[in-house]
Amino acid sequence: MRRLATLILLISTTAQAEEMVRIAVAKGLKTASISGKDLSVRELREGASPRRASDRAQVSLDGDKLVVNGKSIDGSGAVFSADGPIRFGQLALAGDLEFRRGEQGLSAINALPLEDYVAGVLGGEMPASFGLEAQKAQAVAARTYALAKKLGAVDQASDFHLGATVLHQVYQGVRIDPSSRKAAQATRG
C-alpha cells in the first residue's frame with residue numbers, strides 16, 4: 001500500500017516538477033565516443049564544475065580510472081551535457097549522459113525528463129502508424145511502468161531506473177515521430 005501511495009504521489013507531482021528518469025543505455029563498455037553541440041563534462045563528485053569538452057569526447061577506462069579525452073577524472077564518473085541531443089552510437093539522447101565505472105566496464109546512463117522518455121519509448125514499442133488513441137494508451141502504460149520501476153530502483157540503490165531494451169521498455173532516444181510526442185503530451189500528468 002505504501003508503494004502505491006508513493007507512486008500516486010510521484011504521478012501527482014509530475015505536473016509541478018519535471019520528473020527525471022535514469023536509463024541504462026549501455027553496460028560493459030571498454031570505450032565510448034560521444035558528440036554533441038557545445039558538449040560539456042562534469043565530474044561526479046561534490047563541488048565539481050562543468051567544463052567544455054569540445055563537440056566530441058572519448059571516454060575509456062585505464063585500470064580503475066575513468067579517462068575523458070586523455071585526462072583522468074576524479075570522482076565516481078562523468079556527466080556530459082550538450083546544447084541539444086548527445087549522439088552515442090546510433091542513439092540521439094535528450095538530457096545528460098553519464099558514464100560510471102561498473103563491475104564489467106563502463107556504464108552509460110541517460111538522465112532525462114520522464115515525458116521525453118515516454119515519447120521515446122512510444123517509437124520503440126509501437127509503429128507510428130497506430131492511431132493516436134492507441135499511442136495514448138501506450139503512453140499511459142509506459143509512464144506507469146517507468147514510475148513503478150523508478151520507485152523499485154530507490155529500494156535497490158541502483159545507478160539507473162530502467163534499461164533501454166525489451167527487458168524493460170524499448171527506448172531509442174529522441175528520434176521521435178510527432179504523433180508519439182503528441183500522445184505523450186496528451187496523457188501527461
Side-chain angles (χ1 to χ4, degrees), residues 2-3 5-7 9-89 91-118 120 143 146-164 168-169 171 173-174:
R2 181 180 154 192
R3 283 180 186 249
T6 305
L7 181 58
L9 177 63
L10 279 172
I11 292 170
S12 68
T13 59
T14 299
Q16 298 167 4
E18 194 164 40
E19 187 72 40
M20 300 292 287
V21 291
R22 298 169 53 77
I23 312 304
V25 293
K27 295 193 288 186
L29 303 171
K30 302 251 187 268
T31 64
S33 296
I34 64 170
S35 63
K37 184 179 177 190
D38 295 328
L39 200 61
S40 66
V41 62
R42 177 180 50 84
E43 296 172 356
L44 270 175
R45 63 177 173 79
E46 195 165 325
S49 300
R51 66 176 192 268
R52 181 116 164 71
S54 79
D55 288 343
R56 297 190 177 280
Q58 183 74 26
V59 183
S60 61
L61 283 176
D62 183 12
D64 271 353
K65 283 284 191 185
L66 186 65
V67 178
V68 175
N69 292 340
K71 295 181 183 177
S72 292
I73 293 287
D74 293 329
S76 60
V79 179
F80 290 88
S81 300
D83 182 17
I86 297 174
R87 296 227 169 261
F88 171 62
L91 299 173
L93 302 170
D96 294 339
L97 183 58
E98 179 181 311
F99 288 93
R100 289 181 173 258
R101 292 184 306 275
E103 291 179 17
Q104 298 161 347
L106 289 171
S107 293
I109 301 166
N110 185 199
L112 73 159
L114 175 65
E115 297 307 318
D116 288 341
Y117 170 73
V118 169
R143 186 180 296 103
L147 289 170
K149 292 303 266 183
K150 180 176 180 176
L151 184 60
V154 170
D155 294 342
Q156 299 170 9
S158 179
D159 291 334
F160 56 91
H161 304 124
L162 296 136
H168 288 120
Q169 298 185 112
Y171 170 65
V174 294

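Sequential numbering from 1 along the given sequence is applied to the chain's residues.
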Which heavy atom in [X] sits nearest to a heavy atom in [Y], and how many Å separate them?
X    : Y    : answer
A108 : L29  : CB-CD1, 4.5 Å
S60  : L106 : CA-CD1, 4.0 Å
G102 : S107 : CA-OG, 4.4 Å

Atom pair [atom1] ([X]) and [atom2] ([Y]), whose distance is rounded to the nearest 0.5 Å:
X    : Y    : atom1 : atom2 : value
F99  : I109 : CZ    : CD1   : 10.0 Å
S81  : L39  : OG    : CG    : 8.0 Å
L91  : L97  : CG    : CG    : 9.0 Å
R101 : I73  : CZ    : CD1   : 10.5 Å
S35  : F88  : OG    : CZ    : 11.0 Å
R22  : K150 : CZ    : NZ    : 9.5 Å

Using a 4.5 Å cut-off on heavy atoms from C-beta on, say whether the side chain of [Y] contacts that of [X].
X    : Y    : value
K27  : F160 : yes
L114 : E18  : no
E98  : L44  : yes
N69  : V41  : no
R143 : E115 : yes
L61  : V67  : no
V59  : L66  : yes
P113 : M20  : yes

Hey, does the side chain of R100 reach the backbone of S76 with a donor-acceptor pair shorter than 3.5 angstrom?
->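 Side chain of R100 to backbone of S76, a donor-acceptor pair under 3.5 Å: no, none is there.
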
With respect to F80, which candidate in L93, D96, I86 satisfies the side-chain contact (heavy atoms from CB on, under 4.5 Å) definition?
->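 With F80 as partner, side-chain contact (heavy atoms from CB on, under 4.5 Å) holds for just one option, I86.
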
Tell me the side chain to side chain donor-acceptor pair (under 3.5 Å) pairs involving residues 44-57, sequence neighbours left out?
->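 Those involving residues 44-57 are E43-R45.
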
Could you verify whether a donor N or O on one side chain and an acceptor N or O on the other, from N110 and Y171, lie under 3.5 Å apart?
->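 Yes - a donor-acceptor pair under 3.5 Å links their side chains.
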
